[in-house]
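Notes follow once the structure below has been shown.
Just the heavy atoms: all of them, side chains too, but no hydrogens, waters or symmetry mates, feed the values below.
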Amino acid sequence: MERLTVELGARSYDIVIGDGLLDAVGAQVAPRLKRPRTMIVTDAHVADLYLARVSASLAAEGVAASSLVLPAGEGTKSWEGLARLTEWLIGEGIERSDHVIALGGGVIGDLVGFACSIVKRGCAFVQVPTTLLAQVDSSVGGKTAINVAAGKNLIGAFHQPALVLIDPTTLATLPARELGAGYAEVVKYGLIDDADFFAWCEANGAALLAGDGAARHKAIAHSVSAKARIVAADERETQDVRALLNLGHSFGHALEAETGYSDRLLHGEAVAAGMVLAHQFSAAKGLCPAADAARVRDHLAGLGLPHSLASAGINSGGAALAAHMAHDKKVRGGKLPLILTHGIGRSFVTDDYGLDTVAAFLDGA
Ligand code: NAD
Ligand code: GLY
């Protein structure tokens, strides 16, 4: 079992990583409660697999737990999902000191976090992430949101969890495609500022995806440790530090929008292609060695992840893709800050390039 802390003063919290930790959720949570009562929120896939174990672990500590099972999928991160969840929490008689347990992937974590930021003006919640993406990224850092017609994650709040409990063995049931999408976020930490970790990914990525438990544990621990450091330095993304976590996301966002945020391209798959494009754009502008861009492409391509517009199923022109980027919520003063790079592990934020330049690059990509 490994324990890390996200250092945020009064809002600091621990991240615990351990095989079989699902059976210890009760033991981890019970000491924090003011009354022996909690509410578990999950989705239908995860409920079938893991809800009984988590409920039993709470019961073993004398904690009563009611549960709400929501439909699986991005559609649950919606006004309707939020209304259903918040009304349920109120109906369950939630008190502000109760800890709601978010058991599932990023959809459940983002929705529960947002609900807990507004119910009774703020209640505590515990993240129990069960996808690789959620274990290495979305469960840590307190970004919570729902999607609306105008775009993804446009309504939300910063609301930090009280605790994050990661059981890597839950990945055994995760579909291979979801695992690959989460792996892109692992690689991201190497590309941001840790060339040694990228080299580790090159050496161990295939084993991780094939089920190697030690590789999974190391990747998760390394990734959340990096995320904890970045969040502690720039919790609200005001200093161009946390923004680095968006490496590949601006290009990826355009690809996701172009594919209608559908199963045609999962978020992590769009990030994989987006990270390659960010490196290739940087190389085209003379900022980054072309060999580094090729290394990133080769690693992701070798693992079957999207690594180009074509492999992401995109055949639209650059102008159409850049138009999606103009709607990015990170636009400031009419300019979209891009995360570019001077090479592997040397990314930086810039608004030196206009979307017309990006569109011209994408036409040739
Ligand atoms: P998800 O929550 O939809 O999970 C993907 C699928 O896997 C779902 O069908 C789910 O039911 C299933 N699943 C979950 N755990 C499983 C398991 N152990 N075994 C079998 N099936 C399992 O998707 P996700 O990729 O985890 O998260 C995507 C969401 O995360 C998006 O909404 C994105 O915006 C958000 N996100 C948030 C942040 C943040 O910082 N808050 C960061 C990145 C992404
Ligand atoms: N996933 C990006 C962030 O947490 O800032």
message: Can a side-chain donor-acceptor contact be found between Asn246 and Glu237 if the only test is distance below 3.5 angstrom?
response: yes

Arg121 atom CZ, over 12 foreign heavy atoms within 6.0 Å: no

message: Could you check whether Tyr261 and Glu74, counting side-chain N and O atoms only, form a donor-acceptor pair closer than 3.5 Å?
response: no

query: So does Glu7 pair up with Arg229, basic N to acidic O under 4.0 Å?
result: no

query: Looking just at side-chain N and O atoms, do Asn153 and Lys143 make a donor-acceptor pair shorter than 3.5 Å?
result: no

- prompt: Do Lys285 and Asp352 sit within salt-bridge range, that is, some charged N less than 4.0 Å from a carboxylate O?
  reply: no

- request: Verify the distance criterion only: is there a donor paired with an acceptor across the side chains of Thr173 and Tyr50 at less than 3.5 Å?
  value: yes

- prompt: Does the side chain of Thr76 pick up a donor-acceptor pair with the side chain of Arg84 at under 3.5 Å?
  reply: no

When the side chains of residues 314-322 are checked against the rest of the protein, which donor-acceptor pairs come out under 3.5 Å, sequence neighbours left out?
unit_1 : atom_1 : unit_2 : atom_2 : d
Ser316 : OG     : Glu258 : OE2    : 2.6

- prompt: Between the side chain of Thr144 and the main-chain N/O of Ala157, is any donor-acceptor distance below 3.5 Å?
  reply: yes

message: Before we go on, tell me: are the rings of Phe281 and Phe361 under 6.0 Å apart, centre to centre?
response: yes

field: Distance-only polar pair, side chains of Gln135 and Thr170, donor-acceptor under 3.5 Å
entry: yes

Could you list the donor-acceptor pairs under 3.5 angstrom formed between side-chain atoms of residues 302-309 and any protein atom two or more places apart in sequence or on another chain?
unit_1 : atom_1 : unit_2 : atom_2 : d
His307 : ND1    : Leu305 : O      : 2.9
Ser308 : OG     : Ser311 : N      : 3.0
Ser308 : OG     : Ser311 : OG     : 2.8

